2 protein chains.
Amino acid sequence: MELIDALPLNLKTNKDIEKFLSEDFQTKDFKKAELISKQDQYNRNVYFIKNGLVRSFYYENGKEITTKFYTEGNLMANTDTLFQNNPTRYNFEAIEESTVEFCNYAKLEELCAVSLESANFSRFVLGNIITQMTDRISTLQFHTAKEKYLRLIHENPNIILRAPLGMIASYLGISQETLSRIRSEI
Amino acid sequence: MELIDALPLNLKTNKDIEKFLSEDFQTKDFKKAELISKQDQYNRNVYFIKNGLVRSFYYENGKEITTKFYTEGNLMANTDTLFQNNPTRYNFEAIEESTVEFCNYAKLEELCAVSLESANFSRFVLGNIITQMTDRISTLQFHTAKEKYLRLIHENPNIILRAPLGMIASYLGISQETLSRIRSEI
DNA sequence: CGCCGAGTTGAACTGAATCAAGAAACGTGG
DNA sequence: CCACGTTTCTTGATTCAGTTCAACTCGGCG
């Protein structure tokens, strides 16, 4: 999937954005289990997943906590660095062999500072992220392990087939053993 | 608190935004327990809490689930309606007597369509919301009842003193009894 | 003064974590 | 292509945090 395919219709033909996509983005491949970005750094890249599967995670009490999965067509960035100027607490890791495109957020900011359509494109992207996060909060707030798993199947069946069980369990905030038991009884 | 006080410095003196704030916003008072906005409607207002305390909640299996508290200086909106064009599942309720300012999101969109600084202001607001939501997800994903409560005390001690226990418990995704026990042991 | 909603406390129950061990799948090198 | 070691997944037994249900206390308000 190409970045331009992920854009809303009215922005696909915008010349500022088109120029931006072709000039300012680099492509890179990552092997399975390779780290794309590491915690404690100021990484201001914005990544677009062209293909493959990536996760973000951090360590707490020595355990890996998976916070999100990113698949074809998703955008990925360290929002704690971009929006709060903190070194990020997250690692990005390729779960499958993956191809990503990326650019520095500063470039995007420069563009948004002069291009109205780009700024509105960026608003659109942020709005989508908020929608996804709202769903995720609602899943985590008041549901049983089984309900959370069923919701994930419904919203992102993809992940279930492609990510290892331990990472999925962590993403749902449950133990690996519990997830295994839930699977066996379905 | 006035809306203009909540803006980042560089936008306070912007004439587009200033005009917008003075012309397109209305003010309204709500009594304690009064509903500001109801579920199942297309309410495209964006609210700014001038003073007071408001919560959003929805019903699940007959129980009220509090999803967020809004205090002085916060912005509040039905993102499911704004970004996905769905009737909202949330109610907004004044917990204290509250004064809010509001405008229709369409007005803001109109402004963003022509004013670069407004679009970037909107981007800034959305970025802040994402930061908050990231924290909330991390709180809910893998923490005990006590940890969640302590984090809320740390991040928003305000709420603890002003909102009733049942609503706080629901916000944290725990039962009212558990929260009461946690309080007594601190 | 008595009611009513909000908060507290206790006891029993339960969903899920943890600990532990074994089975299956996976990939790497010979 | 097989053998081996490693990682991932499953299953069982036990424990524990948190829910539920129920009764009771407290403080405010008509």
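The structure displayed is predicted, hence computed values, not measured ones. Below, chain A is the first sequence line, B the second, and so on; all start at residue 1.
- Ionic pairing of Glu34(B) and Lys28(B) is not present here: no N-O contact between side-chain nitrogen and carboxylate oxygen is shorter than 4.0 angstrom.
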Protein-nucleotides 17-21 of chain D N/O pairs under 3.5 Å:
unit_1, atom_1, unit_2, atom_2, d
dG18(D), OP1, Ala145(B), N, 2.7
dT19(D), OP1, Ser175(B), N, 3.1
dT19(D), OP2, Ser175(B), N, 3.3
dT19(D), OP2, Ser175(B), OG, 2.9
dT19(D), OP2, Thr178(B), OG1, 2.3
dT20(D), O4, Arg181(B), NH2, 3.0
dC21(D), N4, Glu177(B), OE2, 3.1

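- At a threshold of 4.0 angstrom between heavy atoms, the contacts of Lys32(A) are confined to the sugar-phosphate backbone, with no base atom among them.
- If you chain together ILVMFWY residues whose side-chain heavy atoms come under 4.5 Å of each other, Phe69(B) ends up grouped with Leu53(B), Ile95(B), Tyr149(B), Leu150(B), Leu152(B), Ile153(B), Ile159(B), Ile160(B), Leu165(B), Met167(B), Ile168(B), Tyr171(B), Leu172(B), Ile174(B), Leu179(B), Ile182(B), Ile186(B).
- Checked for salt-bridge contact, Glu155(A) and Arg136(A) miss the test: no charged N lies under 4.0 Å from a carboxylate O.
- In the hydrophobic clustering, where aliphatic and aromatic side chains (Ile, Leu, Val, Met, Phe, Trp, Tyr) are joined below 4.5 Å either directly or transitively, Phe57(B) groups with Leu35(B), Tyr59(B).
- For the helix from dC1(C)-dG30(D) to dG30(C)-dC1(D), the terminal axes (five pairs an end, C1' atoms, rotation from four pairs onto the next four) enclose an angle of 40°, given to 10 degrees.
- If you check residues 158-165 of chain B against DNA chain D, you find no residue with a heavy atom closer than 4.0 Å.
- Not a single salt bridge (Lys or Arg N to Asp or Glu O under 4.0 Å) links Arg44(B) to another residue, sequence neighbours left out.
- For Gln84(A), the side-chain contact (heavy atoms from CB on, under 4.5 Å) test picks out Asp80(A), Asn86(A), Thr131(B), with sequence neighbours left out.
- Residues meeting the side-chain contact (heavy atoms from CB on, under 4.5 Å) test with Asn61(B), sequence neighbours left out: none.
- Read 5' to 3', the first and last nucleotides of DNA chain C with an atom closer than 4.0 Å to a heavy atom of chain A are dA16(C) to dG27(C).
- The salt bridge (Lys or Arg N to Asp or Glu O under 4.0 Å) check on Glu93(A) picks up Arg55(A), with sequence neighbours excluded.
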Verdict with supporting geometry, Arg89(B) and Thr67(B), side chain to side chain donor-acceptor pair (under 3.5 Å): CA-CA 11 Å; Arg89(B) 68 185 298 209; Thr67(B) 52; over 6 Å; no

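- With sequence neighbours excluded, the residues that form a side-chain contact (heavy atoms from CB on, under 4.5 Å) with Glu147(B) are His143(B), Thr144(B).
- Residues satisfying the side-chain contact (heavy atoms from CB on, under 4.5 Å) test with Asp24(B), not counting sequence neighbours, are Phe20(B), Lys107(B).
- A salt bridge is defined here as a Lys NZ or Arg NE, NH1 or NH2 lying under 4.0 Å from an Asp or Glu carboxylate O, and Glu96(A) with Arg162(A) meets this definition.
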